[in-house]
Novice: 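Attaching a single structure in structure tokens format; questions to follow.
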Protein chains: 2
Amino acid sequence: MKLDFSPVECCDSVEIHESLLKIVDEKMPPEDELYDLAELFKIFGDSTRIRILFVLFEAEVCVCDLARALNMTQSAISHQLRILKQSQLVKSRREGKSVFYSLADDHVRTIISQGLEHVEE
Amino acid sequence: MKLDFSPVECCDSVEIHESLLKIVDEKMPPEDELYDLAELFKIFGDSTRIRILFVLFEAEVCVCDLARALNMTQSAISHQLRILKQSQLVKSRREGKSVFYSLADDHVRTIISQGLEHVEE
DNA sequence: TGAACATATGAACGATTGTTCATATGATGA
DNA sequence: TCATCATATGAACAATCGTTCATATGTTCA
């Protein structure tokens, strides 16, 4: 990440450059928020997790059923559920031997359906 | 991905299992759509690309200014812009030696701000 | 308590990702 | 045409990711 603010600007427009820095300063969310945001979208960036979420949109489901419904191993699903839970997109509840997972809040639904709209057009 | 639909069901509730498969069949978007959706969110799952998009929310900018504003190499930015363009989140326009990038549509804004809401709470 | 079942988790693996470096392409103006 | 500036891109690298396998933890019931 080498940077050279030499007196001779590239794009030869110092003004645009200045106003750009102003934009970055004023409108760009703080570093940690950007990081969290990217981290959130990263969660949605895997089709296994998306499929899990689509199931949870409709019902509270235990790990074993989730695995069979999505045709994947229990371990793979469990690992992904852990990631979803750590990101607080999903919550769990134990009932006997089983653990039932459900959506943590309805925000997820909105984000995913916005994404779907973009993809479907 | 070995799966064993033995007669003895785990979670011992065949009914829930059946209704789950119904959900998956009826409510789950088709395979390729899920893939595209994950692919879309993957794009947002990197803070460099998010920062680029935040700048483009405010202005049409050339690669060189983008690189300086975000304090990154021209090459790194160019690579990411290519990804953003391939996903049709961003469009470009040549003006002399420079290439100016801008948002392809306002859908992006909505998706990102939904994400921000979730992160900020 | 011990067998059986449901879930969680650590290590290991191949696959994918983002950046860097070097260089190619494209445009301008002398 | 040549030098220069702006951008694009291919190869290489370390880092991260998702799955599998083996196994640990937790719960129930006999």
Side-chain angles (χ1 to χ4, degrees), chain A residues 1-4 6-13 16-17 34-35 38-39 41-52 60-87 90-101, chain B residues 1-4 6-13 16-17 34-35 38-39 41-52 60-87 90-101:
Chain A
M1 200 168 305
K2 62 181 156 187
L3 210 35
D4 176 20
S6 55
V8 180
E9 303 279 342
C10 86
C11 301
D12 74 336
S13 66
I16 289 181
H17 185 203
L34 286 175
Y35 184 81
E39 218 56 26
F41 285 126
K42 215 173 279 177
I43 304 292
F44 297 131
D46 173 75
S47 57
T48 296
R49 287 190 292 266
I50 295 237
R51 295 198 308 149
I52 290 176
E60 189 191 42
V61 188
C62 70
V63 181
C64 147
D65 276 346
L66 214 33
R68 281 184 309 190
L70 300 182
N71 202 29
M72 297 192 64
T73 64
Q74 176 269 323
S75 181
I77 294 295
S78 200
H79 276 296
Q80 298 306 341
L81 283 170
R82 194 164 73 92
I83 292 174
L84 288 168
K85 196 178 179 186
Q86 281 174 339
S87 317
V90 138
K91 61 182 188 243
S92 67
R93 171 182 71 82
R94 184 174 270 279
E95 190 179 309
K97 282 179 290 183
S98 299
V99 176
F100 285 83
Y101 282 82
Chain B
M1 195 171 301
K2 65 180 158 191
L3 208 36
D4 177 17
S6 55
V8 180
E9 304 279 340
C10 85
C11 300
D12 74 337
S13 65
I16 289 181
H17 186 204
L34 286 174
Y35 184 82
E39 218 57 24
F41 285 126
K42 215 173 278 178
I43 304 291
F44 297 132
D46 173 74
S47 56
T48 296
R49 288 191 290 265
I50 294 236
R51 295 199 306 149
I52 290 176
E60 187 191 42
V61 188
C62 70
V63 180
C64 148
D65 275 348
L66 214 32
R68 282 184 311 193
L70 299 181
N71 203 29
M72 297 193 65
T73 65
Q74 175 269 321
S75 181
I77 295 295
S78 200
H79 276 297
Q80 298 305 341
L81 282 171
R82 195 164 72 91
I83 292 173
L84 288 169
K85 197 178 176 187
Q86 281 174 340
S87 316
V90 137
K91 61 182 187 242
S92 67
R93 170 181 71 82
R94 184 173 270 279
E95 189 179 310
K97 282 179 291 185
S98 300
V99 176
F100 285 83
Y101 281 82

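To find a chain, count down the sequence lines: A is the first, B the second, and so on, and within it residues start at 1. Basis for what follows: all heavy atoms, side chains included, without hydrogens, waters or symmetry-related copies.
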Novice: Within this structure, what is the CZ-to-P distance between A:F41 and D:dT16, rounded to whole angstrom?
Specialist: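 Going from A:F41 (CZ) to D:dT16 (P), I get 21 Å.
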Novice: Test your reading of the model: is there a side-chain donor-acceptor pair from A:R49 to the backbone of A:I43, 3.5 Å cut-off?
Specialist: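 Looks like yes, one N/O pair under 3.5 Å.
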Novice: Using a strict heavy-atom distance below 4.0 Å, which residues from residues 76-85 of chain A are in contact with DNA chain D?
Specialist: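 Close to the strand are A:A76, A:H79, A:Q80.
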Novice: Which whole-number value in Å describes the distance from A:I50 CD1 to D:dG18 P?
Specialist: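 Roughly 12 Å, once rounded to whole Å.
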Novice: Polar atoms only, N or O, under 3.5 Å: list the protein pairs with nucleotides 22-26 of chain C and their distances.
Specialist:
none

Novice: Are any non-hydrogen side-chain atoms of A:M72 and A:R51 less than 4.5 angstrom apart?
Specialist: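 The answer is yes, as the side chains (C-beta and beyond) meet within the 4.5 Å cut-off.
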Novice: Of the non-hydrogen atoms in B:L66 and B:V61, which two are nearest, and what is the gap between them?
Specialist: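 Looks like N-CG1, 3.8 Å.
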Novice: Side chain of B:R94, backbone of B:G96: donor and acceptor closer than 3.5 Å?
Specialist: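 Confirmed, B:R94 side chain pairs with B:G96 backbone.
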Novice: So, does B:R49 get its side chain near the phosphate of C:dG18, meaning an N or O under 4.0 Å from OP1 or OP2?
Specialist: yes
Novice: To the nearest Å, give me how far apart NZ (B:K42) and P (D:dT16) are.
Specialist: 17 Å
Novice: In whole angstrom, what separates B:R93's CZ from C:dA27's P?
Specialist: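 My rounded result for the distance is 15 Å.
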Novice: Measure CE/B:M72 against C1'/D:dA6 and give the value in whole Å, please.
Specialist: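 Roughly 18 Å, once rounded to whole Å.
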Novice: Do the rings of A:F41 and B:F41 sit parallel, tilted or perpendicular, given the 30° and 60° boundaries?
Specialist: parallel
Novice: Please report the interatomic distance CG(A:L84) to OG(A:S92), rounded to the nearest 0.5 Å.
Specialist: 11.5 Å
Novice: To the nearest angstrom, how far is B:I43 atom CD1 from C:dG18 atom C1'?
Specialist: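 Going from B:I43 (CD1) to C:dG18 (C1'), I get 12 Å.
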Novice: Under the side chain to side chain donor-acceptor pair (under 3.5 Å) rule, collect the residues that match up with A:E60, sequence neighbours excluded.
Specialist: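 With neighbours one apart ignored, the set is A:R93.
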Novice: If only side-chain N and O atoms of B:T73 are considered, is one of them under 4.0 Å from the OP1 or OP2 phosphate oxygen of C:dT20?
Specialist: yes
Novice: If you round to the nearest 0.5 Å, how far is CD1 of A:I52 from OG of A:S47?
Specialist: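 Taking OG in A:S47 and CD1 in A:I52, the distance rounds to 10.0 Å.
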Novice: For A:F100, which contact category applies under a 4.0 Å heavy-atom criterion: base, sugar-phosphate, or nothing?
Specialist: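 A:F100: no heavy atom of the nucleic acid under 4.0 Å.
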Novice: Mind listing the closest non-hydrogen atom pair of A:I83 and A:S87 along with its distance?
Specialist: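 Scanning both residues, the minimum pair turns out to be O-OG, 2.9 Å.
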Novice: Given that A:D46 and A:E95 both sit by DNA chain D, which one's nearest nucleotide is further toward the 5' end?
Specialist: A:D46
